[in-house]
Amino acid sequence: LTERLQTSEQKRHRFVSDASHELKTPLASIRLLSDSIVQNENMDAETVREFVTDIGNEAERLQRTTEKLLDLSKLDDDIRIVPEPVDVKQISLDAMVLLRPLAAENQVRIHCELCDGCVVMATADDMFHIIFNLVENAIKYNLPQGTVNLIVSEDGETVRIAVEDTGIGIPEEDMHNIFARFYRVDKARSREAGGSGLGLSIVHDAVHAHGGTIAVGQNKPRGSRFIVSFPKATSEETGI
Ligand code: ADP
């Protein structure tokens, strides 16, 4: 027990220090940019505008990271989970409404195959986070003219959500780390795409909170494939 407590304390400590680091970097940039404006009386209007835009971008990054940290802390809180029957097709359609503009911006095509009656016991919020984060990544780490496939299907007692992309892929040696908090394969690309390194750990925790599993692999001939499986809700659970 002592050993387990020590491990969990070490994990907590590591998480707090990683989180502080993630918040510290954009804050330091904001400080630096605002100091430069204040100290340089002769700065031309165009440069001031450029610096203020950068400050806005850093603030946006902070906002995204803190929102994701809040999502994670909600997932840590066991009492919050009151599972209800969730229709995966409907949640997928809701997520697509928000993601199609990002896909268009990145010149990526989204192809959906969504089966009816794929109902699992979860929360609509968690299911939304799972699908949204996986498809968002499939768009962000794609290439122009690339494709994302979102396939929701059922196989006996299991509901399967597959998200495939034709993007840059994940190196084999990084695959086992991909769900760790703040882990990024390419920090620069993730930052540029507005990433926080928290999306996949939120997906991982949300999937496990509802008795599901998640696997990652290569997509053929290129890109990545994530497969999430949940037990299908029984007729007693759905009341139908
Ligand atoms: P981020 O906010 O950086 O996207 P995530 O936790 O969602 O954080 O993902 C962790 C890292 O995994 C990303 O930084 C990226 O390097 C890699 N990754 C996630 N999804 C994909 C994908 N579909 N294709 C290639 N790399 C991916």
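Keep in mind that what you see is a predicted model, and the values were worked out from it rather than measured. Counting from 1, the numbers follow the sequence of the chain as shown.
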Walk me through whether E46 and R49 qualify under salt bridge (charged side-chain N to carboxylate O under 4.0 Å, His left out). CA-CA 5 Å; E46 199 185 322; R49 209 183 151 72; over 6 Å; no

What are the two closest non-hydrogen atoms of [X] and [Y], and how far apart are they?
{"X": "S153", "Y": "C115", "result": "CA-SG, 3.8 Å"}
{"X": "A124", "Y": "V86", "result": "N-CG2, 3.7 Å"}
{"X": "P231", "Y": "G211", "result": "CD-O, 3.5 Å"}
{"X": "P85", "Y": "V119", "result": "CB-CG1, 3.7 Å"}
{"X": "G217", "Y": "M175", "result": "C-CE, 3.7 Å"}
{"X": "F128", "Y": "L98", "result": "CZ-CD1, 3.7 Å"}

Is [X] linked to [Y] within one hydrophobic cluster, defined over Ile, Leu, Val, Met, Phe, Trp and Tyr using a side-chain heavy-atom separation of less than 4.5 Å?
{"X": "I178", "Y": "L198", "answer": "no"}
{"X": "V148", "Y": "I168", "answer": "no"}
{"X": "I130", "Y": "L102", "answer": "yes"}
{"X": "L75", "Y": "I131", "answer": "no"}
{"X": "I227", "Y": "L134", "answer": "no"}

[atom1] ([X]) with more than 12 external heavy atoms under 6.0 Å:
{"X": "H111", "atom1": "NE2", "answer": "yes"}
{"X": "R31", "atom1": "CZ", "answer": "no"}
{"X": "E173", "atom1": "CD", "answer": "yes"}

One pair to check against side chain to side chain contact (heavy atoms under 4.5 Å, CB included): I214 and V203. What are the steps and the verdict? CA-CA 9 Å; I214 181 161; V203 171; 3.6 Å; yes

[atom1]-[atom2] distance between [X] and [Y], expressed to the nearest 0.5 angstrom:
{"X": "L70", "Y": "T65", "atom1": "CG", "atom2": "OG1", "answer": "11.0 Å"}
{"X": "S224", "Y": "Q218", "atom1": "OG", "atom2": "CD", "answer": "7.0 Å"}
{"X": "D87", "Y": "C118", "atom1": "CG", "atom2": "SG", "answer": "8.0 Å"}
{"X": "L69", "Y": "S196", "atom1": "CG", "atom2": "OG", "answer": "7.5 Å"}
{"X": "S17", "Y": "E22", "atom1": "OG", "atom2": "CD", "answer": "10.5 Å"}
{"X": "F51", "Y": "S29", "atom1": "CZ", "atom2": "OG", "answer": "11.5 Å"}

Mark yes or no for whether [X], through its side chain, and [Y], through its backbone, hold a donor-acceptor pair below 3.5 Å.
{"X": "E237", "Y": "T234", "value": "yes"}
{"X": "S190", "Y": "D186", "value": "no"}
{"X": "D174", "Y": "I170", "value": "no"}

Do we get R181 above F15's six-membered ring, with its NZ or CZ under 6.0 Å from the centre and within 45° of the axis? yes

Between [Y] and [X], is there a side-chain heavy-atom distance shorter than 4.5 Å?
{"X": "N177", "Y": "V185", "value": "no"}
{"X": "F230", "Y": "I161", "value": "yes"}
{"X": "T53", "Y": "I55", "value": "no"}
{"X": "V16", "Y": "H13", "value": "no"}
{"X": "I37", "Y": "M43", "value": "yes"}
{"X": "I202", "Y": "K68", "value": "yes"}
{"X": "I151", "Y": "E164", "value": "yes"}
{"X": "V88", "Y": "M127", "value": "yes"}

Salt bridge flag under 4.0 Å for residues [X] and [Y]:
{"X": "K232", "Y": "E154", "result": "yes"}
{"X": "E9", "Y": "R12", "result": "yes"}
{"X": "E136", "Y": "R100", "result": "no"}
{"X": "E67", "Y": "R64", "result": "no"}

Determine, step by step, whether V216 and R225 satisfy the side chain to side chain contact (heavy atoms under 4.5 Å, CB included) criterion, reporting the C-alpha distance in whole Å, the side-chain angles of both residues, the deciding distance to 0.1 Å, and the verdict. CA-CA 6 Å; V216 55; R225 173 193 286 143; over 6 Å; no

Distance alone, cut at 3.5 Å: any donor-acceptor contact between the side chains of T158 and D155? no

Single hit among T166, D165, N106 for side-chain hydrogen bond (donor to acceptor under 3.5 Å, both in side chains) with N142: T166

Would L62 and L27 count as a side chain to side chain contact (heavy atoms under 4.5 Å, CB included) here? Give the steps. CA-CA 8 Å; L62 277 175; L27 278 173; 3.8 Å; yes

Could you go through V135 and M96, starting from their C-alpha distance and side-chain angles, then the distance that decides it, and tell me whether this counts as side chain to side chain contact (heavy atoms under 4.5 Å, CB included)? CA-CA 9 Å; V135 176; M96 286 317 111; 3.9 Å; yes

Parallel, tilted or perpendicular: rings of F226 and F179 (30°, 60°): perpendicular

How are the rings of H208 and H204 set to each other: parallel, tilted or perpendicular (split at 30° and 60°)? tilted

